[in-house]
Visitor: 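Next up is a structure, given as structure tokens.
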Amino acid sequence: MAVGSWFTTDFDVPHPVGDLPAVVDGGHQPTVCVVDQMVRGHQIIGRAVGDPATVGIKVRPAWQPIRVAVTLQLDDAGTRWWASRVKPDPAQAERPRLVVLSSQGRIRGAAVLARRQGWLRAGGSKETISFELAADELGDDDLLLVEMSDPRIQLPAWADGRFSTSSAIGLRVDRIHLDPLPTTEPPPPSAATSGCPFLVVPATSPETVRVRVGTVPPAPPVPRNPTRSYAKRKPARAVLKVLRTARRAAGRASAEAGGDRVRPDDLTVHAVDLTTGATVPIRIVDRGAHTLDLRLPTDREGPVLLGVTEPGGHRRERTARQLDCRFDGGTQ
């Protein structure tokens with residue numbers, strides 16, 4: 001018996017069920033039947049207002065494995081939503097987001113999203129997480145649940161405090177691709193760069209991965225919406241906008257003047273399993289001019305968070321170029 005079938009009423013009607021393959025890209029589509037701590041959107045599925053945030057989609061059982069690809073995006077509006085609810089220190093730079101994606105009660109993947117500042121404005125960050133579900137995992141309810149949340153483990157010292165708290169708040173869920181397996185369609189591409197010294201290695205990745213290390217402009221200042229009555233008026237808002245732009249440009253100029261220096265020989269790589277919290281033994285097989293060949297164990301429980309550190313410690317968040325990691329050669 002399906003969950004909830006014993007307390008239905010005469011006013012309940014059967015919920016539409018989507019066929020496979022399918023692309024869900026709007027929160028008001030009939031197949032989107034559950035949202036928890038998420039605001040529905042018209043051209044996106046929704047935006048998270050709490051942690052964790054969940055969306056549920058009715059899917060017709062295919063009785064075969066399916067591949068699910070969830071596209072997340074961090075934009076300026078999402079950062080403002082987060083700042084209004086978390087209220088961080090105004091002097092703090094915007095830190096990366098680390099979110100764990102769960103489905104059907106199990107952790108399926110994770111993503112690191114970081115926005116970098118330009119001379120006038122900050123860009124967005126987009127990531128696609130792909131995973132597979134077995135034929136019997138949808139259950140009798142035909143309900144696919146996707147949940148975003150903070151990591152459920154205590155992060156080690158090299159990563160603790162370097163991510164935004166309540167990372168899911170403000171994130172957009174742009175679309176969800178559902179494809180029955182086997183399929184000839186390639187999985188949606190992931191982000192080309194993480195924008196920060198952290199990277200998530202999927203549980204299904206090969207044993208050896210190549211990571212390219214470079215630098216990117218620093219993170220922008222945390223945006224703040226005006227809270228006082230005089231700051232909400234148009235002249236004051238215009239002045240505040242000019243000041244924020246000047247502050248961002250000054251940070252970018254300081255970072256560009258500092259140069260772009262990375263020494264792969266001095267880098268140290270750490271790894272932790274985001275499912276169990278256990279330290280993952282990782283070995284650097286080869287060091288190139290801008291690349292690191294890493295070997296991870298094959299018996300990983302879930303997605304692995306990689307972190308790159310330098311001997312001198314962390315770089316200044318707002319006025320120095322930050323380390324940037326990405327997979328090289330399409331490993332992911």
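Side chains are part of it too, since the values below use all heavy atoms of this structure and drop only hydrogens, waters and symmetry mates. Here the structure is a predicted model, which is why all the values come from computation and not from measurement. Heads up: numbering here begins at 1 and tracks the sequence.
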Visitor: Using the side-chain contact (heavy atoms from CB on, under 4.5 Å) definition, which of the options V211, V213, L292 pairs with V269?
Guide: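 Only one of V211, V213, L292 forms a side-chain contact (heavy atoms from CB on, under 4.5 Å) with V269, namely L292.
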
Visitor: Return the set of residues passing side-chain hydrogen bond (donor to acceptor under 3.5 Å, both in side chains) with R40 (not counting sequence neighbours), or none when no residue passes.
Guide: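 side-chain hydrogen bond (donor to acceptor under 3.5 Å, both in side chains) list for R40, sorted by chain: empty.
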
Visitor: State which residues pass salt bridge (Lys or Arg N to Asp or Glu O under 4.0 Å) with R115; sequence neighbours excluded, sorted by chain then number.
Guide: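 R115 satisfies salt bridge (Lys or Arg N to Asp or Glu O under 4.0 Å) with D76, E94 once adjacent residues are dropped.
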
Visitor: Is there any salt bridge (Lys or Arg N to Asp or Glu O under 4.0 Å) pair reaching into residues 98-109, and which pairs are they, with sequence neighbours excluded?
Guide: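 Sorted result for residues 98-109: R106-E137, R108-E137.
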
Visitor: Can you find a side-chain donor-acceptor pair between S205 and R300 that sits under 3.5 Å?
Guide: yes

Visitor: Should the pair R85 and W82 be classed as cation-pi, given the thresholds of under 6.0 Å to the six-membered ring centre and 45° from the axis?
Guide: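 Because its charged atom misses either the 6.0 Å distance or the 45° angle limit, R85 does not stack over W82.
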
Visitor: For F131, check ring pair (Phe, Tyr, Trp, His ring centres under 6.0 Å) against everything at least two apart and list the hits.
Guide: none

Visitor: Can you name the side-chain hydrogen bond (donor to acceptor under 3.5 Å, both in side chains) partners of Q37, sequence neighbours left out?
Guide: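 With neighbours one apart ignored, the set is empty.
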
Visitor: Do any pairs count as a salt bridge (Lys or Arg N to Asp or Glu O under 4.0 Å) and have a residue in residues 146-170, sequence neighbours left out, and if so which ones?
Guide: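 Every salt bridge (Lys or Arg N to Asp or Glu O under 4.0 Å) pair that includes a residue of residues 146-170, provided the two are not neighbours, is E147-R152.
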
Visitor: Going by the side-chain contact (heavy atoms from CB on, under 4.5 Å) test, name the single residue among V55, I57, V146 that passes it with V24.
Guide: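 Between V24 and the candidates, side-chain contact (heavy atoms from CB on, under 4.5 Å) is satisfied uniquely by I57.
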
Visitor: G78 and R97: which non-hydrogen atoms are nearest, and at how many Å?
Guide: O-NH2, 3.9 Å

Visitor: Would you say the side chains of T215 and R321 form a donor-acceptor pair under 3.5 Å?
Guide: yes

Visitor: Using the ring of each side chain (for Trp, its six-membered ring), is F163 parallel, tilted or perpendicular to F198, with breaks at 30° and 60°?
Guide: tilted

